[in-house]
2 protein chains.
Amino acid sequence: METLKPAHNDAETDLLNQIATDIQAGAYAPGSWLKQIELQHRYKTSRPMIRVALDRLAQKQLIRHEPNRGYYVYEADDDEVRDLLDLRAMIECAAAPRIVRHGTGPECEILAQLAQNFEDLIDTGSIIKQHEANQAFHRQLLSMTGNPQIAATIAELRHRIPSAPAGQWKTRQRIKQSSIEHFEMVTAVRNRDADALEDAIRRHIMQAA
Amino acid sequence: METLKPAHNDAETDLLNQIATDIQAGAYAPGSWLKQIELQHRYKTSRPMIRVALDRLAQKQLIRHEPNRGYYVYEADDDEVRDLLDLRAMIECAAAPRIVRHGTGPECEILAQLAQNFEDLIDTGSIIKQHEANQAFHRQLLSMTGNPQIAATIAELRHRIPSAPAGQWKTRQRIKQSSIEHFEMVTAVRNRDADALEDAIRRHIMQAA
DNA sequence: TGCGCCAAAATTGGCACCAATTTATAGATG
DNA sequence: CATCTATAAATTGGTGCCAATTTTGGCGCA
């Protein structure tokens, strides 16, 4: 369930993550109106809490705010999605040399395990589970750069890209291909082959375009 | 003065930019306590406005929030600054091929003009003016990628890096070197030499380390 | 003189109320 | 019957107030 930040902080942050997760899961369609009163009842909190959470979501550009008219789920502009995917691919590819240079053996084993977890969910798991497993894989991959800011920035970007539950991984064939690419990445890291890793990452991310 | 976003939006955003600019200019030292009442008087606004602005600044990690104790200017951790500079260099270097590929002639002329503006401010201009000119140069450089998300992400990162007014460009020699590197970048873009551009960018950003 | 404790002042943070604006609804009119 | 209009309902956004917590200042005591 907890797709965003793992640790729980203050109450406002928990609420923010709940709403963000629900939006990404498709509970609120793009463009739909987020009434404060409805949210207040849905999440069993006070009105000011909701307002803080909505303001934060608007800052993150997950929703948009129209004065005196309320908050609406951000409608993904095609050009913007293309630019975000391009940027994400650019950063993750640029991180490839750091991953092969700085990654250790044990970290690589964890990565291989996460790739296997994703593989195991191809047939049995729900879309949500698959999406979480995919996210866990990429988080581990980026944590191997030794620079936590990279993973944090990518996480921020990913939130703004319409994700799997909203209909990205259409076919089972596409998911199988993703899994193959995961193992390609693991192999590239094991061989400390930055070029191969970069190539696999680029193909993996750009599949969505 | 307006170092951050150029256009003015709603009142809260204006207030946020004012406070952010003052923090970056060094009006509030790192670690200092931002009392809501003082800010309320300083910026002539209401208490809730201040609270929204402070919450946004905390989300951007320009300040930190301690429950029941208030907001404090973020104290730059050496490791974190190193990681942020590393990430910034990584992204801007990765953007180099896009700049030389996508950049047009007129855009390159604007870039050259901005490099000249910075050069002219070496002796006469204030630190603030120099910093603004430097920022304008890099904004133009990144806008030439054709992907506005890149410039936006870098702008976000730069806000979290202690900047010139806080004592980064110590010597005049260092500033002159920065200007030389600017012209190196212009030349590299003109020659559509991605490798030379990448090299100049990396040296330029890493000077601060 | 220095340290710990207690009361007073100040600050934060949440709650409830109310005005301004927008949206929905019903009625009048061509 | 559709459309425009006026009224009512609902939603947003702002202001003020008050409790909870923390910081400050002063006092007693070793």
Side-chain angles (χ1 to χ4, degrees), chain A residues 4-5 7-24 26-75, chain B residues 4-5 7-24 26-75:
Chain A
L4 298 174
K5 309 299 166 70
H8 52 87
N9 311 294
D10 49 309
E12 292 96 331
T13 305
D14 284 343
L15 177 60
L16 176 123
N17 289 339
Q18 273 188 34
I19 299 178
T21 303
D22 286 350
I23 289 176
Q24 281 196 325
Y28 297 101
S32 62
W33 182 14
L34 298 174
K35 298 187 187 185
Q36 296 179 12
I37 301 177
E38 183 190 330
L39 298 174
Q40 181 175 342
H41 287 109
R42 196 184 198 293
Y43 299 101
K44 301 278 191 296
T45 46
S46 66
R47 189 80 163 287
M49 285 267 202
I50 291 288
R51 278 180 66 177
V52 169
L54 288 174
D55 187 75
R56 290 185 185 178
L57 288 168
Q59 290 298 303
K60 292 188 172 200
Q61 298 196 33
L62 271 76
I63 63 181
R64 118 188 91 89
H65 173 61
E66 294 185 20
N68 292 322
R69 295 201 54 233
Y71 296 84
Y72 298 81
V73 177
Y74 201 91
E75 292 162 282
Chain B
L4 298 174
K5 309 298 166 70
H8 52 86
N9 311 294
D10 49 309
E12 291 95 331
T13 305
D14 284 344
L15 178 60
L16 175 124
N17 288 339
Q18 273 189 33
I19 300 178
T21 304
D22 286 349
I23 289 176
Q24 281 196 325
Y28 297 101
S32 62
W33 182 13
L34 298 175
K35 297 187 187 184
Q36 296 179 11
I37 300 176
E38 183 190 330
L39 297 175
Q40 181 174 342
H41 287 108
R42 196 183 199 293
Y43 298 101
K44 301 278 190 296
T45 46
S46 66
R47 188 80 163 285
M49 285 266 202
I50 290 289
R51 278 179 67 178
V52 169
L54 287 174
D55 186 75
R56 290 185 186 178
L57 287 168
Q59 290 297 303
K60 292 189 174 198
Q61 298 196 33
L62 271 77
I63 63 181
R64 117 189 92 88
H65 174 60
E66 294 185 21
N68 292 323
R69 295 202 54 232
Y71 296 84
Y72 298 81
V73 177
Y74 200 90
E75 292 163 280

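Only a predicted model underlies this, so the values are computations on that prediction, with no experimental measurement involved. All values below come from the heavy atoms of this structure, side chains included, with hydrogens, waters and symmetry mates left out.
Looking at heavy atoms from C-beta onward, B/Leu39 lies in side-chain contact with B/Leu54 at the 4.5 angstrom threshold. Looking at B/Leu57 and B/Leu34, their side chains never come closer than 4.5 Å, going by heavy atoms from C-beta outward.
The stretch residues 29-38 of chain A comes close to DNA chain D through A/Trp33, A/Leu34, A/Lys35, A/Gln36, A/Ile37, each having a heavy atom under 4.0 Å from the strand. The stretch residues 62-71 of chain A touches DNA chain C through A/Asn68, A/Arg69, each having a heavy atom under 4.0 angstrom from the strand.
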Could I get a table of every N or O pair under 3.5 Å where one atom is in the protein and the other is in nucleotides 15-20 of chain C?
{"residue": "C/dC15", "atom": "OP2", "partner": "A/Ser46", "partner atom": "OG", "Å": "3.3"}

Measure all distances between protein nitrogen or oxygen atoms and nitrogen or oxygen atoms of nucleotides 6-8 of chain D, and list the pairs falling under 3.5 Å.
none

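B/Asp55 has its CG atom 11 Å from the P atom of C/dG14, to the nearest Å.
When every heavy atom of B/Val73 is checked against every heavy atom of B/Pro30, the shortest pair comes out as CG1-CA, 3.6 Å. Summarising the geometry of A/Leu16 relative to A/Ala53, their closest heavy-atom pair is CD1-O, 3.9 Å, with the distance given to 0.1 Å. Across all their heavy atoms, B/Asp10 and B/Glu12 have their closest contact at OD2-OE1, 2.9 Å.
Here B/Ala11 pairs with B/Met49 under the side-chain contact (heavy atoms from CB on, under 4.5 Å) rule; sequence neighbours left out. Every residue two or more places apart in sequence or in another chain that forms a side-chain contact (heavy atoms from CB on, under 4.5 Å) with B/Arg64 is listed here: B/Glu66, B/Tyr72, B/Tyr74, B/Glu75. Among residues two or more places apart in sequence or in another chain, the side-chain hydrogen bond (donor to acceptor under 3.5 Å, both in side chains) test is passed with A/Gln40 by none. Contacts of B/Arg47 classified as side-chain hydrogen bond (donor to acceptor under 3.5 Å, both in side chains), with partners at least two apart in sequence or in another chain: B/Gln36. With sequence neighbours excluded, no residue forms a side-chain hydrogen bond (donor to acceptor under 3.5 Å, both in side chains) with B/Gln59. In this structure A/Arg56 satisfies the side-chain hydrogen bond (donor to acceptor under 3.5 Å, both in side chains) test together with A/Thr13, B/Asp55, sequence neighbours excluded.
Residue pairs meeting the ring-ring contact (aromatic ring centres under 6.0 Å, His included) criterion with at least one partner in residues 46-70 of chain A, sequence neighbours excluded, are A/His65-A/Tyr71. Applying the salt bridge (Lys or Arg N to Asp or Glu O under 4.0 Å) test to every pair with at least one member in residues 36-46 of chain B, sequence neighbours left out, gives these pairs: B/Asp22-B/Arg42.
Heavy-atom nearest nucleotides on DNA chain C were determined for A/Glu12 and for A/Tyr72, and the one closer to the 5' end corresponds to A/Glu12.
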